[in-house]
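As the structure is a computational prediction, the values presented were derived from the model and not from experiment.
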Amino acid sequence: QVQLVESGGGLVQPGGSLRLSCAASGSIFRINAMGWYRQAPGKERELVAIINSGSDNTQYAGSVKGRFTISADAVKRTVYLQMDSLKPEDTAVYYCKIDYSKNFLSSSRTTGWGKGTLVTVSS
C-alpha cells in the first residue's frame, strides 16, 4: 500500500506564494499520474492540477492556470505545486492524489490520497 506525505501548507497574504510537496512511498510498480485537488467547506472537491508520468503532460483548472505550476521529481517520487499570486479564493484543504499500479496487471491500477494540507490566503 502507498503512503503520501504532504507538506507546505500554511497562512499567506494575498499575492503571496506557497509550495506544496507530496512524497509517495510504498509498494508502487508504476506511477501513472499525480495531481492536486482541493476542497473548501461546503464545496465539492475539485481538480487543481495533474501531471502525467509517462508524457509529462499537465492540466490545470482554469482558475489557477498561469498562477500555479505542477512538477515532479522521479527520483524522490515527489510531486510539487508551486502557487503564486495567491487569492483568498484559493483557501482550501489541498489533497495529493496518485494514480498507480501495484504490479504489471492492469487490474492492479488504483488510487491513493494524502491526508490533506490547509492553505489559507488572508490579509
Side-chain angles (χ1 to χ4, degrees):
Q1 193 174 48
V2 66
Q3 287 188 319
L4 302 178
V5 181
E6 300 147 317
S7 63
L11 174 65
V12 66
Q13 294 182 334
S17 298
L18 284 175
R19 192 187 194 198
L20 306 182
S21 64
C22 174
S25 62
S27 299
I28 301 172
F29 178 73
R30 182 196 305 112
I31 295 178
N32 303 305
M34 303 185 77
W36 290 93
Y37 291 71
R38 67 184 182 186
Q39 186 171 26
K43 297 183 179 180
E44 296 181 355
R45 186 174 299 187
E46 64 177 350
L47 173 68
V48 177
I50 57 172
I51 182 167
N52 186 285
S53 298
S55 65
D56 289 329
N57 287 343
T58 58
Q59 296 183 57
Y60 297 90
S63 59
V64 307
K65 193 172 184 178
R67 299 188 297 119
F68 292 9
T69 303
I70 188 170
S71 61
D73 185 323
V75 176
K76 295 182 178 180
R77 285 184 166 178
T78 300
V79 63
Y80 304 92
L81 185 67
Q82 177 66 44
M83 305 185 293
D84 298 320
S85 302
L86 283 162
K87 304 175 181 179
E89 305 90 87
D90 296 317
T91 297
V93 176
Y94 285 70
Y95 298 91
C96 175
K97 177 190 175 184
I98 65 168
D99 176 353
Y100 72 101
S101 299
K102 298 177 182 178
N103 53 57
F104 72 95
L105 297 174
S106 60
S107 60
S108 74
R109 188 169 180 174
T110 188
T111 59
W113 289 90
K115 295 181 177 63
T117 183
L118 178 64
V119 172
T120 302
V121 184
S122 177
S123 60

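For the residue pair D99/T111, the side-chain donor-acceptor check at 3.5 Å is not satisfied. For the 3.5 Å distance criterion, the side chains of S7 and S21 qualify, holding a donor opposite an acceptor. Q82 and D84 form a side-chain donor-acceptor contact under 3.5 Å, judged by distance and modelled atom types alone.
Atom CD of Q39 has more than 12 heavy atoms from other residues, nucleotides or ligands within 6.0 Å. With a 6.0 Å radius and a threshold of 12 heavy atoms from other residues, nucleotides or ligands, E46 has its CD atom above the threshold.
As a member of the Ile/Leu/Val/Met/Phe/Trp/Tyr network built from side-chain separations under 4.5 Å, V79 groups with V2, L4, V12, L18, L20, I28, I31, M34, W36, V48, I51, Y60, V64, F68, I70, L81, M83, L86, Y94, I98, Y100, V119, V121.
You'll find the side chain of K97 reaches within 4.5 Å of the side chain of W113, heavy atoms only. Residues P88 and S122 have side chains not in contact (no heavy-atom distance under 4.5 Å, counting atoms from C-beta outward).
Within the 3.5 Å criterion, the main-chain N or O of L105 finds no donor-acceptor partner in the side chain of R109. A donor-acceptor contact shorter than 3.5 Å is absent between the side chain of T91 and the backbone of T120.
Here the CZ-CG distance, from R38 to L118, works out to 12.5 Å after rounding to the nearest 0.5 Å. Separating the CG atom in N103 from the OG atom in S27 is a distance of 10.5 Å, to the nearest 0.5 Å. From K76, atom NZ reaches atom OG of S25 across 14.5 Å, with rounding to the nearest 0.5 Å.
The existence of a salt bridge linking K115 and E6 is excluded, since no basic side-chain nitrogen approaches an acidic carboxylate oxygen closer than 4.0 Å.
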May I have the step-by-step check of side-chain contact (heavy atoms from CB on, under 4.5 Å) for F29 and K102, ending in yes or no? CA-CA 5 Å; F29 178 73; K102 298 177 182 178; 5.7 Å; no
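In terms of the side chain to side chain contact (heavy atoms under 4.5 Å, CB included) criterion, residue partners of R30 (sequence neighbours excluded) are, by chain and number, N32, S101.
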